[in-house]
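Shown next, in structure tokens, is the structure this report addresses.
The model shown is predicted, which means the values in this text are computed figures rather than measured ones. Per chain, numbering begins at 1; letters A, B, ... match sequence-line order.
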Amino acid sequence: MKRYIIQRLLYAFITIWFVATATFFAMHWVPGDPLSGEKAVSPEIFANLQAHYGLDKPLLEQYFIYMGNLLRGDLGVSFTQQNRLVNDIIGEHFVISATMGIVALFMAFFGALIFATIATVYRGRLPDRLTMVAVLISVSVPGFVFAALAQLAIVQINQWRGEQWLPVAGWGTLAHVWAPALMLGLGTMAYLTRLMRGSLIDIDSQPYLLAARARGLPPWRCFVRYQLRNALLPALSVMGPTITSITTGGFVVEQVFAIPGLGRYFIQAVAQLDYTVIMGTTVFYGAFLVLVVLVFDLLYGWADPRIRVSRALA
Amino acid sequence: MTDERFLPAVYHQTEINLGASSRYWPTVWRRLRHDPQAILSLGLLIALVAAVLVGPWLWSVDPSQQYLNQISHPPVGASEAVVVDTFEPWSDQVAHDQAPNSATESPLIVEAANTEFVRLRWPVLPNAARFQIFRSDQQTAETIPGLPLATVNAPVNGYQDSLNLTSRKYRYRVIALDANEAVLDRWEVHVTPQLAISRYAVTLSQLPEQGVIAIPAHPLGTDHLGRDMLARMLEGGRTSLFIGLVAPLFYILFGVLYGATSALLGGRADAMMMNVVDFVIALPFLLFMILFRVAVGTEPGDSGITAMLVAMIALGWPSPARLVRGEILKLREMPYVEAARLMGAGRGYLITRHLLPNIMGSILVTFTFAIPSAIFAEAFLSFIGLGVVPPAPSWGAMCNDGLARLLTQPHIMLFPALAISLTVLIFNLLGDSLRDAMTLEQKG
Amino acid sequence: MMSYCGRFQSARYLVLCLLLSGTFQVCAESGGVDPQSRSIGIALTSEPPSLNSLTTQDQYGSFILGHVKEGLMRYGKDGELTGGVAERWEVTATRVTFYLRRNARWHDGVPVTAKDFVTAWQAVLNPASAAPNAHLLYPIRGAEAINKGQIPAEQLGVNAVDDHTLVVELEAPCAYFLALTAYATFLPVRADYLERFGSRYAAEAGFQAYNGAFKLDTWIHGARLLLRKNPTYWDQASIQLDEIRIDHVTSDPLALMNLYSDGAIAMTDIGVDNLDLSLRRGLPLSQFEVANLFYLRFNFAEGRWTSDPDLREAIRLAFNADEMVNKVIALPGFRPARSLFPTYIQSQGQSLRAHYPPDVRPPDLTQARQKMQAFLQRKGLDAPPALHLLTSDTPGAAKQAEYLQSVFQSALNLSLKIDKQIFKQRLAKENQGDFDISMTGWGPDYDDPMTFADLFASWNPNNRGGYRNPEYDRWLEVAKTTLDNQERLAAFGQLQALLQRDVALLPLYENALIYVKDSRLKGVQRRRFGADPAFHYAWIEETP
């Protein structure tokens, strides 16, 4: 097991190096200069600026300098957010994206659990059908449409109630989180609902469940004890990719709800060609993805006896 | 409780996957034919593609023609516009010699009312210093005077409004203020401007020089530049579907080749190739899609489709590659493949006769589910301003244009959003049906 | 089975803890207008990239800096240029003497001295600081040479005679020097802060000193800025707001309007797409004619089709600025632009437009087509060549580009290929001259026609179209150095006529802002120069 983890970590390290290298060259492939501004400056000042940020050096040299700094955990200084360290930028704004992502994930997970349960209990009847239609709609409508509609709905509800029910946009208090998090988690909720409903129904015909029922266990205990628990397993197996897609997928929601998350910063940084911020964000997210997938692989292996056994045999 | 699962077992005839059985595809097709969901989604898909391909011939309104007198107009029938003089500064300081006809009539006089200009004239007030002019329509809240068009200083006693007029009922308000900002008088008047077109626009579009110009119907309304929504939807559908189909086609094709090569080579080469797949999968998807889209960039006059395709293909191929490799490795162990090989079948024979036909099913399903993702990716890029370059329309870009006007002119966003949702829905349903039809282990 | 269950629960517990141990920045959001605490909440459309007065060059930075710092001159209650830190001043041809207020203080109580200005200006000109706006200081003697590294910074023609007297020697007479000193680049800087924080100077709220009406209390990047009344400000009795809270940073116009409707912010600008919605919601709209100039820049480089005067003339004749303003921009307060100099522009208090009105010619499609024909014949072409129209990636710019494309296609059979680029790529293309026509705009740095006039000087790096005309440069030099206002106005009149004769640019429109403001908030100034909006003299009325 230890060897396996070390191997995976080494692998993760190489992957992060690959992400960094790919970003570095993709970014420098973009024409333009992070230091140019709407108001032109004289060539002398421009040369000074370039020297100040080390952009006058050959590309490969810049690459090795950057990689050296990266190894020391130093992501450099932002070009457009003058004097701000990229480490600080990521630190401050990832926390926001992550908070929203975690709430979204919880909403998606428990929402899916509830809907899948309802759908299974009322299998083939109206609640099941409605759930499945809702699932289809949630995966078929673009996210920004939902987000914009949600925001407009909040304004209308606030006006109708004459008091602030939920804040319209922004960030800072717990109340700011719910609407954007729900919008962010909606697609995942639909996906998980479908997945859980599928496995709940599958389990329905498993012999051990029949045996439990035959023993006369009350239906709800059967459900909680056998069906639910096993239905969660496939959901856990997709949790790794889900977490990554939720934490990196906040662009639209951050834009619509004016949330200062890392996604919004990234889009700005690309338009501004803020090299260090672009690099920092992709490298950080790349590392985050790799580690999350690793952790969930281990967790899953640990949780599912079948995999544990197969790995032990292998 | 009569649960069928507790009844005595009966013999179910099960089909056994015989590999490239001659019965495989006919079976799939037979199942699809008997699946109402599949028939419905296939029918809708054919209708959609036909509409987008044939539509522009049937609906011949030019998608780039700007009807500037019908900007952001909800669905409307055919109409006629009178030709009026091109806007020019109006001598707005004239003695007010026309007295109102009766006491009930407003002292605010409308001297012209068409969608090119509305001319207002009001009485001369000796103490007035300034006049504020407001305009509102039936949607405007009663609590405010309306849109502040301008403030003019006395002795000017007229105003010409040309600001984005359409043919609906407006109310103009003029508030006369003295030097201390005190309100001296308020007047208001209701006006419904006649649909008009300026001589400049007539000459510009080389329309016939006559008094009245025919304006076609806009069954889905017009957008923020007065362009026909239906024509743009048909045109934009081509873009969106093109991206939706071509991007997955290419990346799945490449993925299949890559995965198959890797699986067939085996050994170290396979391990190396799969490492590359792992690396590419590790790239944060949306971040790199943005980065690649920007890095490829667009040339002047370029629609931006190429850049989007490159970004999607560069990031999309690893999953199908992984899938295909896995399938082939599994198939290779199958007894019948083993048997064929022992009987002396060549590599080419094995690939074309056994491997390819057997992975076709999962490739097809993957393809069907990849289309909605590609359409969403286009919409996402358009949302953050990195989608198609104007004037090329796409459903995603049109949605984004209409987003801000969602509550006041819902048609601008609603129709393209519906089109995207419907298309994605069709492919999702179709994918489900295909998958069900192809999974032969399920009960027949 | 049990052990699995237990582990799963502990995993869930872990995640729950992560969530609850949460990371919320607790802040009491008290809405747009709060009469009790005399505070207001507003939104910024972008995080200020920098609050370092030495290098800042954007509107967000100058908005904040305009509230937290004060220069020698400032803009007063009616937008007039008046004394800031300087109490009085004496102007001769090449020397300006400023007498500083004895009660001007930094937020820590230290007096603002003439030395603080010398420190700042020398730092701006230091080649190592690479300040983009350093050229604004070039009227000062020795400034250009220092900025180019030819002479040491100590030789700058600025002298702190004592703590409260600052003498500035100019290279040549400069009629607009006083207006320049109100600009952010001229703000004073404390040497001790500069030394202490080095390259991180002004990067956080506490990393610089403030001498303005407010001081920056909190700065959470991307999320929140808090300005508090500065008790040491010399004119603090006139300041009636205790707090300006910037709780929201977003450029999404719908989100901004929603925030306003919801009472979360006290004022916001309204975009054209939200005009109808704001009317339906009954928001009290006001307009302010900013009158920044937006125009088409032609590429004059050898070999570009646009270097041909007939082609440019044809384009000008076909264009209908009224139609564009009324139908495409569709916001009240915008005006069709007729000249490089906006309508309001004044030289020493005298309106340029009143003295030298631009030649307004209505669109003429017949003539335009004739000019195009002449161009085609001379060049031996059968059909008009396709031109590249460079534009930014904002929705508004794209819409205007599509309109222009449609007009010139119909009018002249001239096809414009839209080249929509993200910010830095557009700049790169402009700087390399990789365009035929580019959509661009210019807002004034200071209150003088010169801030527009020198855009077309052959030496100006902002003259990205490469218009070169010795006659233009000559008249510009006259306008720069003369102190006789009539001569100056005449020179600007000449410049305007030259640009029109050569069709050096196609003026499109002068912009305006439509905004909503809480009716309890009074005295907010909208300005063309300096911080806009300005809350220095704003107050809250309890009953609207």
Side-chain angles (χ1 to χ4, degrees), chain B residues 64-66 68-69 71-72 86-89 116-117 133-137 139-151 161-165 198 200-201 203-206 224-227 294 297-302 304 385-386 389-391 400-409, chain C residues 252-254 271-277 279-287 318 320 322-323 325-333 360 362-363 365-366 386-391 393-395 398-399 401-403 405-407 409-411 415-422 425 434-436 514:
Chain B
S64 57
Q65 172 78 43
Q66 301 174 355
L68 292 177
N69 51 6
I71 284 176
S72 303
T86 306
F87 172 93
E88 54 189 37
E116 288 298 300
F117 46 81
I133 302 114
F134 295 92
R135 183 179 87 188
S136 53
D137 61 17
Q139 304 290 331
T140 309
E142 283 300 316
T143 50
I144 52 165
L147 180 66
L149 288 176
T151 301
D161 172 33
S162 292
L163 190 77
N164 192 17
L165 291 156
S198 71
Y200 169 79
T203 325
L204 192 68
S205 312
Q206 283 156 343
H224 61 313
L225 271 170
R227 292 172 297 197
V294 171
T298 54
E299 289 301 306
D302 184 357
L386 291 172
V389 178
N400 191 29
D401 284 343
L403 196 61
R405 294 169 177 262
L406 188 56
L407 278 187
T408 46
Q409 282 101 15
Chain C
D252 183 35
L254 186 60
V272 61
D273 286 330
N274 300 318
L275 204 55
D276 285 337
L277 185 56
L279 288 172
R280 191 187 288 189
R281 286 186 183 162
L283 306 185
L285 301 182
S286 312
Q287 53 157 286
N320 184 345
D322 288 298
E323 185 178 82
V325 165
N326 283 315
K327 305 281 191 185
V328 179
I329 292 172
L331 277 169
V360 181
L365 291 172
T366 324
L387 300 182
H388 296 175
L389 175 68
L390 186 60
T391 172
D393 59 348
T394 62
K399 185 175 161 186
E402 288 184 81
Y403 167 75
Q405 185 183 45
S406 155
V407 163
Q409 183 69 58
S410 313
S415 95
L416 294 185
K417 297 198 161 191
I418 295 178
D419 191 7
K420 180 178 123 173
Q421 298 291 350
I422 58 169
Q425 277 167 290
D434 187 5
F435 65 96
D436 292 307
I514 300 294

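Using a 4.5 Å cut-off between heavy atoms, C:Gln409 makes no contact with chain B at all. If you measure heavy-atom distances from B:Thr143 to chain C, the contacts under 4.5 Å come from the side chain alone. For B:Leu386, the part lying near chain C is the side chain, with the backbone staying farther off; criterion is any non-hydrogen pair under 4.5 Å. C:Val407 touches chain B through backbone and side chain together, each having a heavy atom under 4.5 Å away. Interface remark: B:Thr86 contributes side-chain atoms only to the contact with chain C (heavy atom separation under 4.5 Å). Using a 4.5 Å cut-off between heavy atoms, C:Leu331 touches chain B through its backbone atoms (N, CA, C, O) alone. At a 4.5 Å heavy-atom cutoff, the contact between C:Leu277 and chain B is made by backbone and side-chain atoms alike. Residue contact with chain B, scored on non-hydrogen atoms closer than 4.5 Å, is absent for C:Ile329.
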>> Run the side-chain contact (heavy atoms from CB on, under 4.5 Å) test on C:Glu323 and B:Leu68 for me, step by step, so that the C-alpha distance in whole Å, both residues' side-chain angles and the decisive distance to 0.1 Å come before the verdict.
In response: CA-CA 9 Å; C:Glu323 185 178 82; B:Leu68 292 177; 3.5 Å; yes
>> C:Lys327 vs B:Glu116, test: side-chain contact (heavy atoms from CB on, under 4.5 Å). Steps then yes/no.
In response: CA-CA 9 Å; C:Lys327 305 281 191 185; B:Glu116 288 298 300; 3.3 Å; yes
>> Show, in sequence, the C-alpha distance, side-chain angles and deciding distance for C:Ile422 and B:Val294, and conclude whether the side-chain contact (heavy atoms from CB on, under 4.5 Å) test is met.
In response: CA-CA 8 Å; C:Ile422 58 169; B:Val294 171; 3.5 Å; yes
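In this structure, B:Thr298 and C:Lys420 have side chains that are not in contact, with every pair of non-hydrogen atoms separated by 4.5 Å or more. Within the 4.5 Å cutoff, side-chain heavy atoms of C:Leu279 are placed close to those of B:Ile144. Counting heavy atoms from C-beta on, the side chains of C:Asp322 and B:Tyr200 never come closer than 4.5 Å.
Scanning all heavy atoms of the two residues, the minimum distance from B:Leu225 to C:Lys399 falls at CD1-O, 3.7 Å. For B:Thr408 against C:Arg280, the heavy-atom pair with the smallest separation is CA-NH2, 3.7 Å. Nearest approach of B:Pro391 to C:Gln405, heavy atoms of both residues: CG-OE1, 3.2 Å. Of all the heavy atoms in C:Pro332 and B:Leu149, the pair that sits closest is CB-O, 3.7 Å. Scanning both residues, B:Ala141 and C:Arg281, for their nearest heavy atoms gives CB-C, 4.1 Å.
Between chain C and the options B:Leu147, B:Ile71, B:Leu204, B:Asp401, the largest number of non-hydrogen pairs under 4.5 Å is found for B:Leu204. Note on C:Ala386, C:Ala401, C:Pro362, C:Gly282: by heavy-atom pairs under 4.5 Å with chain B, the leading option is C:Gly282. Counting heavy-atom pairs under 4.5 Å between each of B:Asp137, B:Thr203, B:Val389, B:Thr151 and chain C puts B:Thr203 at the top. Annotation: maximal heavy-atom pairing with chain C below 4.5 Å, among B:Asn69, B:Leu163, B:Asp161, occurs at B:Leu163. With respect to chain B, the highest number of heavy-atom pairs below 4.5 Å among C:Asp419, C:Leu389, C:Asn326 belongs to C:Asn326.
B:Gln66 places no side-chain N or O within donor-acceptor distance of the main-chain N or O of C:Ser406, the cut-off being under 3.5 Å. A donor-acceptor pair is defined here as one N or O able to donate and one able to accept, closer than 3.5 Å; no such pair exists between the side chain of B:Gln206 and the backbone of C:Ser410.
Note that the CG atom of C:Leu285 and the OG1 atom of B:Thr140 stand 9.5 Å from one another [nearest 0.5 Å]. Considering CD1 of C:Ile418 and CG of B:Asp302, their distance stands at 12.0 Å, rounded to 0.5 Å.
Between the side chains of C:Asp276 and B:Gln409, a donor-acceptor pair is found at a separation under 3.5 Å.
Under 4.0 Å is where a charged nitrogen must lie from a carboxylate oxygen, and between C:Glu402 and B:Arg227 at least one such pair does.
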